[in-house]
Amino acid sequence: MIRFGLHIRLTRREIERFKLITDLEPVGIRTLADLDAYIAQCKAHYWGVSRDTQFLHWLIDREYQQCRSAA
């Protein structure tokens, strides 16, 4: 993630990884609030209590943390 003051831009690799994990392309993400909303949308799309869902949410959270720590 590249940070420009209050604005952000996901790198091509981050976009590809989010798309691979969630099958939902992160479009229009320009702020951290947009990124948080995208993460919430992904988790709402894949809701449940199964082990697979928990693992998917963990993958999403891990990718999110990697983006935040890179900025």
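Along the sequence shown, the residues carry numbers beginning at 1.
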### Query
How many angstroms lie between CZ in R3 and OG1 in T31, if you round to the nearest 0.5 Å?
10.5 Å
### Query
With sequence neighbours left out, what residues match D36 under salt bridge (Lys or Arg N to Asp or Glu O under 4.0 Å)?
none
#### Entry: Residue pair L32, R68: steps toward the side-chain contact (heavy atoms from CB on, under 4.5 Å) verdict
CA-CA 9 Å; L32 290 175; R68 292 295 304 254; 3.8 Å; yes
### Task
Give the C-alpha distance, both sets of side-chain angles, the deciding distance and a yes or no for side-chain contact (heavy atoms from CB on, under 4.5 Å) between E63 and I21.
CA-CA 9 Å; E63 190 63 34; I21 293 169; 4.2 Å; yes
### Task
Would you kindly confirm whether W58 and I39 end up in one hydrophobic cluster when ILVMFWY residues are joined by side chain heavy atoms under 4.5 Å apart?
yes
### Query
Is any side-chain heavy atom of D52 less than 4.5 Å from a side-chain heavy atom of Y46?
no
### same_hphob_cluster(V27, L10) at 4.5 Å side-chain heavy-atom cutoff
no
### Considering all heavy atoms, the nearest M1-C67 contact
CE-O, 3.3 Å
### Query
If only atom types and distance count, is the side chain of T53 paired as donor or acceptor with the main-chain N or O of V49 below 3.5 Å?
no
### Task
For the pair R30 and L35, evaluate side-chain contact (heavy atoms from CB on, under 4.5 Å) and give the outcome as yes or no after the intermediate values.
CA-CA 8 Å; R30 293 185 172 81; L35 182 58; over 6 Å; no
### Message
Taking the ring centre of each residue, are Y64 and F18 less than 6.0 Å apart?
### Response
no
### Query
After noting the C-alpha distance and the side-chain angles of I29 and R9, does the key distance pass the side-chain contact (heavy atoms from CB on, under 4.5 Å) rule?
CA-CA 7 Å; I29 296 177; R9 181 173 176 197; over 6 Å; no
#### Entry: Non-neighbouring partners of R13 that pass side chain to side chain contact (heavy atoms under 4.5 Å, CB included), sequence neighbours left out
T11, R17
#### Entry: Spacing of CD belonging to Q65 relative to CZ belonging to R62, to within rounding of 0.5 Å
11.5 Å
#### Entry: Heavy-atom pair of closest approach, residues C42 and T22
SG-CG2, 3.7 Å
